[in-house]
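Data block below; observations after.
Below, read A as the first sequence line, B as the second, and so on, with proteins coming before strands; counting in each chain starts at 1. Quick caveat, the model's predicted, so the values are computed rather than measured.
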Amino acid sequence: MSGTEDEVEARRAATEARNRVRFEEEALGLSDQVYRVARRLVSSREEAEDLVQETYARAFRSWRSFTHGTNLRAWLLRILTNLNIDRGRRKQRTPDEQPLEESDYFLYNRLEQSTRDGNADEDRVVERLSQDDIVGALAGVPHDFRDVLVLVDIGDFTYQDAAQILDIPIGTVMSRLHRGRRILKRELADRATGDM
Amino acid sequence: MAGYQIDPCEKCEEVMQPYLDRVLSDAELREAEEHLAGCSSCAKRYRFEESLRQFVRKCCEEEMPPELKQKLAALRTPL
């Protein structure tokens, strides 16, 4: 009977509307975290804002493809990183063309050498770096490495999440993360010790 | 002649990132901790790395502009 069919349809539509509202609220609740990651993936605040807006517009359009109960933050970041790649910002050097970075103790050694007191404690050594040094150095890390670095070290994603977001194997996440951190330290050493 | 042996500080440096990411195996973790307990030079470099990571995170905390929050809310499907 059409009356019953209408009722079924009305119930279905009401359930869908409720699910959509819940999805949108949950997604909006994560926007600060999404923005923080976006801000470090691209170079300007304007670009980050555009990217986040585009991400949410797409997320709200395709909310049905999100599986409730899975990681929504990772799902949003996957949209965001794909949009960022689509913007054709991959014209930098590829990982293989990167020069070999210094070792992991390199930055500490350089900072320690540049202080008069060779026994300065490690907290004081970190104080030699400024926020500008960090932000500038991070921007100097090539995209492929920076994407992983930002997701794991700033966005707090696991290796596994980062692998899914970027659609790369977990081993690649680990190697890019390790090299990315070393490149970051090399950049920091250049800035902090004035050897540009 | 004695066989080639890896410098323990060099080995410790190699495992610093996985150590701080807590992904070392139990055996590797024990080995690193034993070395760190007796080597102040490596220990302070590990502590530096930890405080560096915290500092990087802190430096990247940036509030989302309130206008952006409003723009995102406006993208919601009208009821």
Side-chain angles (χ1 to χ4, degrees), chain A residues 17 20-21 24-25 27-28 31-40 45 48-49 52-53 55-57 59-61 63 103-105 107-109 111-112 119-123 125-127 129-135 137-138 149-150 152-156 159 174 177-178 181-182 184-185 188, chain B residues 6-25 28-29 31-33 35-79:
Chain A
R20 194 187 64 222
V21 167
E24 290 177 351
E25 279 169 1
L28 287 172
S31 60
D32 285 302
Q33 296 173 54
V34 172
Y35 177 76
R36 193 170 64 223
V37 172
R39 184 64 191 87
R40 295 300 149 215
R45 177 182 292 195
E49 290 188 22
V52 171
Q53 277 195 77
T55 299
Y56 273 81
F60 289 165
R61 275 199 307 276
W63 70 277
S103 67
D104 259 321
Y105 287 170
L107 175 62
Y108 184 90
N109 294 343
L111 291 173
E112 196 186 44
N119 290 316
D121 75 64
E122 54 286 344
D123 292 331
V125 173
V126 120
E127 283 170 15
L129 301 166
S130 69
Q131 181 170 15
D132 284 350
D133 288 335
I134 300 284
V135 170
L138 198 54
L149 195 59
V150 168
V152 176
D153 282 355
I154 295 164
D156 248 342
Y159 293 173
M174 288 162 74
L177 180 64
H178 292 183
R181 286 172 177 154
R182 287 182 181 180
L184 177 71
K185 283 188 272 190
L188 279 171
Chain B
I6 292 182
D7 172 1
C9 293
E10 213 172 284
K11 176 81 196 297
C12 196
E13 180 174 7
E14 266 173 36
V15 298
M16 179 170 76
Q17 291 200 39
Y19 176 93
L20 293 175
D21 287 344
R22 298 186 172 82
V23 294
L24 284 184
S25 69
E28 289 169 322
L29 184 66
E31 199 184 340
E33 279 177 344
H35 177 75
L36 287 168
C39 177
S40 62
S41 166
C42 283
K44 66 181 178 183
R45 283 163 177 78
Y46 268 53
R47 286 196 300 273
F48 168 76
E49 180 80 7
E50 247 184 327
S51 43
L52 176 67
R53 287 188 187 187
Q54 283 167 14
F55 188 57
V56 168
R57 188 184 294 252
K58 192 166 149 260
C59 290
C60 292
E61 278 169 9
E62 189 174 312
E63 287 280 305
M64 180 161 80
E67 313 84 67
L68 178 59
K69 209 159 235 186
Q70 287 165 8
K71 285 181 189 163
L72 297 183
L75 293 171
R76 292 183 68 166
T77 318
L79 283 172

Residue pair B:Met64, A:Arg39: steps toward the side chain to side chain contact (heavy atoms under 4.5 Å, CB included) verdict: CA-CA 9 Å; B:Met64 180 161 80; A:Arg39 184 64 191 87; over 6 Å; no
Per-residue contact mode, [X] against chain B (heavy atom under 4.5 angstrom):
X	answer
A:Arg61	neither
A:Leu184	side chain
A:Val37	neither
A:Ala57	both
A:Val150	neither
A:Thr55	neither

A:Glu24 side-chain N/O to B:Arg76 backbone N/O, donor-acceptor pair under 3.5 Å: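 Such a contact is absent between A:Glu24 side chain and B:Arg76 backbone.
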Working to the nearest 0.5 angstrom, can you tell me the gap between [X] [atom1] and [Y] [atom2]?
X	Y	atom1	atom2	value
B:Asp21	A:Asp153	CG	CG	7.0 Å
A:Ser31	B:Lys71	OG	NZ	13.5 Å
A:His178	B:Glu14	NE2	CD	12.0 Å
B:Tyr46	A:Tyr105	OH	OH	5.0 Å
A:Asp104	B:Gln17	CG	CD	4.5 Å
A:Ile154	B:Cys59	CD1	SG	9.5 Å

Test log, rule side chain to side chain contact (heavy atoms under 4.5 Å, CB included), inputs B:Phe48 and A:Glu112: CA-CA 11 Å; B:Phe48 168 76; A:Glu112 196 186 44; over 6 Å; no
Heavy-atom side-chain proximity of B:Thr77 to A:Trp63 below 4.5 angstrom: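 Contact flag for B:Thr77/A:Trp63 side chains = no.
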Check whether [X] gets within reach of chain A through its side chain, its backbone, both or neither, counting any heavy atom under 4.5 Å.
X	value
B:Glu67	neither
B:Cys9	backbone
B:Leu72	both

Contact leader toward chain B among A:Asn109, A:Leu138, A:Leu177, A:Val135, where contacts are heavy-atom pairs under 4.5 Å: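 Winner by heavy-atom pair count: A:Asn109.
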Stepwise side chain to side chain contact (heavy atoms under 4.5 Å, CB included) check, A:Tyr108 with B:Lys44: CA-CA 9 Å; A:Tyr108 184 90; B:Lys44 66 181 178 183; 3.2 Å; yes
Smallest separation among heavy atoms of [X] and [Y], with atom names:
X	Y	answer
A:Arg36	B:Glu61	CD-CA, 3.9 Å
B:Pro78	A:Arg20	O-NH2, 3.8 Å
B:Leu75	A:Phe60	O-CD1, 3.4 Å
A:Leu129	B:Leu52	CD1-CD1, 3.6 Å

Cationic N near anionic O, under 4.0 Å, A:Asp156 to B:Arg57: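 The answer is yes: the pair qualifies as a salt bridge.
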Pairing of A:Arg45 and B:Glu62 as salt bridge, 4.0 angstrom limit: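 A salt bridge links A:Arg45 with B:Glu62.
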